[in-house]
Amino acid sequence: MSLSKHAKSYLINQSKYAHLNAFVSRVEPSVLLARTGSSRLTSEGEDGRLVLNDKPIAIKDNICTKDFKTTASSGILRDFTSPYDATVVKLLQDAGAVVAGKTNMDEFGMGSHSTHSYHGPVKMQRYEDEEASAGGSSGGSALAVASAQCWAALGTDTGGSVRLPAAYTGVVGFKPSYGLLSRWGVIAYANSLDTVGILGTSATSVEAIFDQLNLYDPQDPTSLPPSTRSRLGSKARASDSVRIGIPLDYNITTLHPIVRNAWVRTLKALHERGHTLHPVRLPATQRALSAYYVLAPAEASSNLAKYDGVRYGSRAEGIDGTPDSVLFAKTRGQGFGPEVQRRILLGAFSLSAQAIDNYFIQAQKVRRLVQQDFNKVFATQNPLLDETTHAEETEEKVDVLLCPTAPSLAPSLSDVKAQDPIQAYMNDVFTVPASLAGLPAISVPVPIAGKDRTKENEEFSVGIQIIGQYGDDKLVLDFAKELEVAAPCPHAGIKIDTAEEVSRRS
Amino acid sequence: MLARSTRNTFIAAPGRPYICQTCLRRARRSQLGPAHPPTRTAIRSLQTKSQPPPQDDTPFRKLLKDAAKQQKKYNGGASSVLKTQNKGQDPRLEKWELTIGIEVHAELNTARKLFSSAATSVSEAPNTHVALFDTAFPGSQPNFQKESLIPALRAAIAFQCQIQRKSSFDRKHYFYQDQPSGYQITQYYEPFATDGKLTLYPHDFPPGAAPESGPFDIGIKQIQMEQDTAKTIQQPPSTHLLDFNRVSHPLIEIITLPQIHDPVVAAVVVRKIQTILKSINACTAGMELGGLRADINVSVRERNGQQSDAVHSYHGVTGLGQRTEIKNLASVKAVEDAIVAERDRQIEILENGGVIEGETRGWTLGSKSTKRLRGKEGEIDYRYMPDPDIPPVIIGQDLVDHLKETLPKLPDRNVETLVLEYGLTTKDALTLLFLDDGERLDYFIQVMEPLVEETSLQEEEDIPKSTLGKMAGNWVLMELGSLLKDEPWDANRVPYKFLASIISHVRRKQITSRSGKRILAMKFEGDERPVEDIVDQESLHLRPLSREEYVALAQSLLDEKPNMVKDIIEKGQSKKIKWFVGQMMARGAAGSVEADTAEETLKEQLRLKE
């Protein structure tokens, strides 16, 4: 099928699903069509063809682009256009990709349902009248991929913001090891956790993008230098059989039965394909979520201090500030949404002189314990640690961990509305530990187990998460492909026309 | 003269890469670098009209002007500090002991900003040297410029600090429009240098003001690196313009231990820190130019230890009274005056049974008291957080060793050399060190070379170097200085060999000192001829008068002014003899009257000789 037909199908879906509110700005159709038309002449049949040639890729709206506004779904940046492209955007364009548009999200990445947006909530609709959560904060990116409005999308994952929406919308969502993908041009929420993530319909397409972006960037001080990169994932594995860890601490009471059953069924399927299963303990997990919701808001309160409407961004109408206060109290009060304000206040408190020891410092200690938990169960040593810090080989070690991405399926937006903030934070319980430890993790859709299948949910899927040791990104991606074979999910995504179907009809 | 060299610093600073050859040469040349701002030159620099014209209407500019005015008064005499101290000695000071800690912020002399590759600048067009990160653009990240460590480490070495192998950066949060990211990046938890000291010598003080006869140390708790803020330019009534050129200019903050008990010592500490930073080429500009700012912590306690409030501990120094902080002092004078005012205010409160509030206070030049800015309840909680984007700084011992070896000579060593070897007074030595960015000192050393060489060629080794040094010092500082007036220093105006030749002629009594000055003035005004030709052509050879001629000339003058003679003989106003000496030299044919002989003759005639 010709490239321009692909492009057309994406464009058709973009207008067909505009009501899902996945995009906050879209590429001009003529640009996309012109690109596919011209490059077909020059690139087709040539060996030097670019990997992502003319593929439309959506970009989460907290990643800076020169050609589109970058609002981070915040009122304070509602008219902001960045003077530069983020490194990841540049690399995608260098590889031939076309930016399909900017996707809706929770303001500055703070949220789990993509409802805290200046542009209004993202709405997932798999059947008539449904209004479900697409997950967050990269809900727009996930839904854009699920509804075939683009080939793939970039998101950001601070505590699960790529994996959770991937699980809810039924696509593949990958958060690489911290420090592999450049954050230059990615609007910071919590720097020590923020990771650029990739959403696609398969592990293969996600990997194709990852390979283009996995480069050292001197502009990002947290980008892993080449010397360290060369040490990652270099250890050759003895056999094709993968040792799968089952974290018992993730089998929580609030785990939805459909999710639990899909997990068990997936494990069985993998076992049948020759992989071995090993129960492991990650005891610090229970504290991980609390630690995350201390650390991330603390960094956020600091990172968001820059939005004052003085140098860029929006200012409140009229006079702001009094002789006794700074000039932007009103601007910040009006520009930030309620969830962002809540987290700024949380963070300001946990960093305050009276609270820092009990909150911020304690949370950092928990973070260290979470990392140690992971290091204890992985067969591969954490390449960032010295040999001596490695724990003794007292128990069975594993190659990857396999667990659900989220405790439940996508809730309805009305349920989400009824939740208090703490309940909303609970959605991140399985994704946060890997974020705290900076580990690679991917959410892959698997079908709902046969016994749980009903007429309504038969085409829904459950997100299963694969977590690997730091730097084992290739292993995680390879095993995601294996998972796709072991537990194929033909109906991944929501029940809408895929790009292929659209183009078949046209 | 100072103004010009200051401008040069401005011009040279932005483009100057850190370890370029020019830089190294400069650093070597200023080995005998500048030292204390002697009051005399300060007056000149601040009065001169060739100061860079104010480019904006900032309050800081105004502050500088005020400082200039104040400085003029202040410098009425070099020892005014001392005088005020003694005159106004408050008897309450017997009872109360003052304790001061100082934090000095100095702009480092670097080519680039601390966290971006944008160039540093001082007087460039506003907002022309700004990187994305400097203005906190969304998605931008810090990029630590390793080169800024070099001047920072030099400072740490000069203050004998322990250099930490590992240090890190933290965010200090507060909202203000000159702080684009809403926080300042500083080193709070792990500074790069700790436990240093500053040694004060009697020569650091105005004559007679040194509190101890020998040298003593003031402990330096730590030195940290941090970012500067943007500059707010106020345009009354309600416009604030922001210039981000200065944002993220690297600063060091030097924190002393609270071991200072005297406002004069505090002022000397600040001045000496400034001097050392300049001499090791670590700092861009002097305090009066905004390159250096000081915050001071002031507390008082009862000397006999009865006061129950003296339970506070700052930086490990215990048993102190409640302190207050006075922020943003922009001159040495302000530091001293603010301390005196705050000390007196605290004593007044305590004497009346009151309690000192821990608060932040301000001081404006010329005012009599400090002003409350905010109390403890209004105190900013800076919410220090390690910066998650900036990796720790690891400093290798090899770098420290190299910088130690190449550190320019410190001013204390230079003063010693000039006084002991070259026979200068400490005051003149300090003046030489300070003038014209050290260029005058270079010139002095150059002038000395042919003079010393000549004595050895002429087999006059018995003439000590110190005698030559005294003469040369006088010509370089006084005679040349009086010609320069407001003009910028230029070593080529009177080439050093030319001046050496004049001095040599005078020393060997080939011309009178008066003729020497005349030749100097001619050269200064552009006369192209060598000294010998001028002496020949202007008939300046010393043609000594006979003793009779001296007596006749002296007597005729004394006869003309009987009243003055009376004053000298009856009232003992012996200084008036000098007037007669001057008259004799003026009336004698050019270059024929020597001052010494004239004075001797006059004294004989007046029967003043024993």
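Sequence lines set the chain letters: A, B, ... in the order given, protein chains first and strands last, and positions in each chain run from 1. For clarity, every value in this text was computed on a predicted model and none was experimentally measured.
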Tell me, side chain or backbone of [X] under 4.5 Å from chain B's heavy atoms, or both, or neither?
X: A/Ile187; answer: both
X: A/Ser302; answer: both
X: A/Gln219; answer: backbone
X: A/Ala190; answer: neither
X: A/Asn303; answer: both
X: A/Asp220; answer: both
X: A/Ala86; answer: neither
X: A/Val186; answer: backbone

Item to check | When A/Gly347, A/Pro83, A/Ala298, A/Ser82 are compared by non-hydrogen pairs under 4.5 Å with chain B, the top option | outcome: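 Counting heavy-atom pairs under 4.5 Å, the top option is A/Pro83.
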Item to check | chain B interface, residue from A/Gly313, A/Ala348, A/Ala355 that has the most non-hydrogen pairs under 4.5 Å | outcome: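 Answer, by heavy-atom pair count under 4.5 Å with chain B: A/Ala348.
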Next on the checklist: Quick one about B/Arg383 and A/Ser352 (side-chain donor to acceptor, distance below 3.5 Å, no hydrogens or angles considered), yes or no?
Outcome noted: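 No - no donor-acceptor pair under 3.5 Å links their side chains.
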Checklist entry - Does B/Pro138 offer a backbone N or O that forms a donor-acceptor pair with the side chain of A/Tyr307 under 3.5 Å? => result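 Not at all, since once roles are kept as given, no pair shorter than 3.5 Å links the two residues.
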Checklist entry - Counting N and O atoms only, with roles assigned by atom type, does the side chain of B/Tyr384 sit under 3.5 Å from a partner on the main chain of A/Leu351, one being a donor and the other an acceptor? => result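 Here the side-chain-to-backbone pair does not exist.
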Once rounded to the nearest 0.5 Å, what's the spacing between atom [atom1] of [X] and atom [atom2] of [Y]?
X: B/Arg171; Y: A/Glu299; atom1: CZ; atom2: CD; result: 7.5 Å
X: B/Phe133; Y: A/Lys306; atom1: CZ; atom2: NZ; result: 7.5 Å
X: A/Phe349; Y: B/Asp381; atom1: CZ; atom2: CG; result: 10.5 Å
X: B/Ser181; Y: A/Asp308; atom1: OG; atom2: CG; result: 9.5 Å

Checklist entry - How about A/Ile319: does its CD1 atom have over 12 heavy atoms from other parts shown lying under 6.0 Å from it? => result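 Atom CD1 in A/Ile319 is not crowded, with 12 or fewer foreign heavy atoms closer than 6.0 Å.
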Next on the checklist: Heavy-atom count check: over 12 atoms from other residues, nucleotides or ligands less than 6.0 Å from B/Gln397 CD?
Outcome noted: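 Correct, the count exceeds 12.
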Item to check | Contact leader toward chain A among B/Pro142, B/Pro391, B/Gly182, B/Pro180, where contacts are heavy-atom pairs under 4.5 Å | outcome: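 The candidate making the most pairs under 4.5 Å is B/Pro180.
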Next on the checklist: Please rank B/Asn143, B/Asp387, B/Leu132 by heavy-atom pairs under 4.5 Å with chain A and give me the top one.
Outcome noted: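 Max contact count across the listed options: B/Leu132.
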Checklist entry - Which pair of non-hydrogen atoms, one from A/Arg311 and one from B/Thr135, has the smallest distance, and what is that distance? => result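 Closest pair (atom of A/Arg311, atom of B/Thr135, distance): NE-O, 2.7 Å.
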Item to check | Shortest non-hydrogen separation from A/Tyr84 to B/Ser140 and the atoms involved | outcome: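 Smallest interatomic distance, heavy atoms only, reads OH-N, 3.2 Å.
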Item to check | Step-by-step side chain to side chain contact (heavy atoms under 4.5 Å, CB included) determination, A/Ile356 to B/Met385 | outcome: CA-CA 9 Å; A/Ile356 189 165; B/Met385 181 185 89; over 6 Å; no
Checklist entry - Would you call the rings of B/Phe137 and A/Phe80 parallel, tilted or perpendicular, where under 30° means parallel and over 60° means perpendicular? => result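 Taking A/Phe80 first and then B/Phe137, their aromatic rings sit tilted (interplane angle of 30° to 60°).
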